[in-house]
Amino acid sequence: MPTTTRAVTIRLLGRADASRLAMLSARVGTETLADWTERLARSDSLVVGAEIDGRLVGYAAGDVRRSFGRPSPTGLIDAFAVDLERRGHGLGRDLAAALMDRLRGRGADRVITLVPLHDRELDPFFRDLGFRDEPVICLGRAL
């Protein structure tokens with residue numbers, strides 16, 4: 001069921017929303033139409049969007065995984081963006097809350113996200129929501 005606050009509607013997004021997500025991502029994110037089409041086709045993916053007057057102005061996406069060395073499912077937020085003109089008004093908080101509620105509904109008892117080192121926007125945003133450093137290290141390599 002969509003929730004409406006401050007003339008903002010936050011709802012679960014589906015396949016029909018892929019092109020709108022790609023247009024917003026072109027301005028504030030990195031995901032392409034192909035990325036969104038693939039994500040929205042997966043049954044385990046959750047994507048919530050914020051709309052104002054029918055215009056998509058933000059999104060939060062993730063899923064629930066049994067990994068990260070934990071015995072119980074963990075929610076992972078792996079895509080998050082708010083239109084530049086809409087930042088600073090609580091929209092990101094509303095999106096995060098909506099996604100975390102859905103992750104909890106799928107069995108997650110903890111949520112994590114990855115934030116680039118020295119990110120001056122996402123790092124303080126997620127810390128303000130109660131996110132803290134986890135006892136894991138992100139390791140990677142080129143393939």
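Predicted model only: the values in this text are computed from it and were never measured.
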Identify the heavy atoms of Arg20 and Gly54 that sit nearest to each other, and give their distance.
NH1-O, 2.8 Å
May I ask you to say whether Asp63 pairs ionically with Arg42, meaning some side-chain N is under 4.0 Å from a carboxylate O?
yes
Can you tell me how far apart CG (Leu46) and CE (Met100) are? Round to the nearest 0.5 Å.
13.0 Å
For Asp53, enumerate each residue passing the side-chain hydrogen bond (donor to acceptor under 3.5 Å, both in side chains) test, keeping only those at least two apart in sequence or located in another chain.
none
Val111 vs Thr74 side-chain heavy atoms within contact, under 4.5 Å
no
Mind running side-chain contact (heavy atoms from CB on, under 4.5 Å) on Val8 and Ile10 for me, showing each step along the way?
CA-CA 6 Å; Val8 175; Ile10 296 184; 4.0 Å; yes
Any side-chain heavy atom of Arg110 within less than 4.5 Å of one from Leu76?
no
Is the ring centre of Phe125 less than 6.0 Å from the ring centre of Phe131?
no
Please give me the minimum heavy-atom distance between Pro124 and Arg120, naming the atom from each residue.
CG-O, 3.4 Å
Between CZ on residue Arg102 and CG on residue Leu99, distance to nearest 0.5 Å:
9.0 Å
Any chance you could measure Glu51, atom CD, to Arg11, atom CZ, to the nearest 0.5 Å?
4.0 Å
If I take atom CG from residue Leu91 and atom CD from residue Glu85, how far apart are they, to the nearest 0.5 angstrom?
11.5 Å
Sidechain N-carboxylate O distance under 4.0 Å for Asp101, Arg106
no
Pairwise distance CD1(Ile52) to OG1(Thr9) - rounded to 0.5 angstrom:
9.0 Å
Is the backbone of Asp109 close enough, under 3.5 Å, to the side chain of Arg104 for a donor and an acceptor to pair up by distance?
no
Which ring pair (Phe, Tyr, Trp, His ring centres under 6.0 Å) pairs, counting each pair once, include a residue from residues 90-114, with sequence neighbours left out?
none
Please confirm whether the backbone N or O of Thr30 pairs with a side-chain atom of Ser25, one donor and one acceptor, at under 3.5 Å?
no
Please give me the minimum heavy-atom distance between Arg39 and Ala61, naming the atom from each residue.
NH1-CB, 3.5 Å
Hydrophobic cluster identity match, Met23 and Leu95, side-chain contacts under 4.5 Å:
no
Shortest non-hydrogen contact from Ala108 toward Gly75
CB-N, 3.5 Å
Can you tell me how far CZ of Phe80 sits from OG1 of Thr113, rounded to the nearest 0.5 angstrom?
9.0 Å
Shared-cluster residues of Trp36, by chain and number - hydrophobic side chains joined below 4.5 Å
Leu13, Leu21, Leu24, Val28, Leu40, Val47, Leu56, Tyr59, Leu84
Looking at Asp83 and Arg86, would you say the former's side chain and the latter's main chain have a donor-acceptor pair under 3.5 Å?
no
Whether over 12 other heavy atoms sit under 6.0 Å from Arg15 CZ
no
Taking Val82's backbone N and O only, do any of them form a donor-acceptor pair with Arg87's side chain (distance below 3.5 Å, no angle check)?
yes
Within the supplied structure, the quantity of interest is the number of heavy atoms (other residues, nucleotides, ligands) at a distance under 6.0 Å from Arg55 CZ; does it exceed 12?
yes
Return the minimal non-hydrogen interatomic distance between Asp78 and Glu31, and the atom names on each side.
O-OE2, 4.4 Å
Tightest non-hydrogen contact, residues Gly62 and Leu103, listed as C-CD2, 4.4 Å
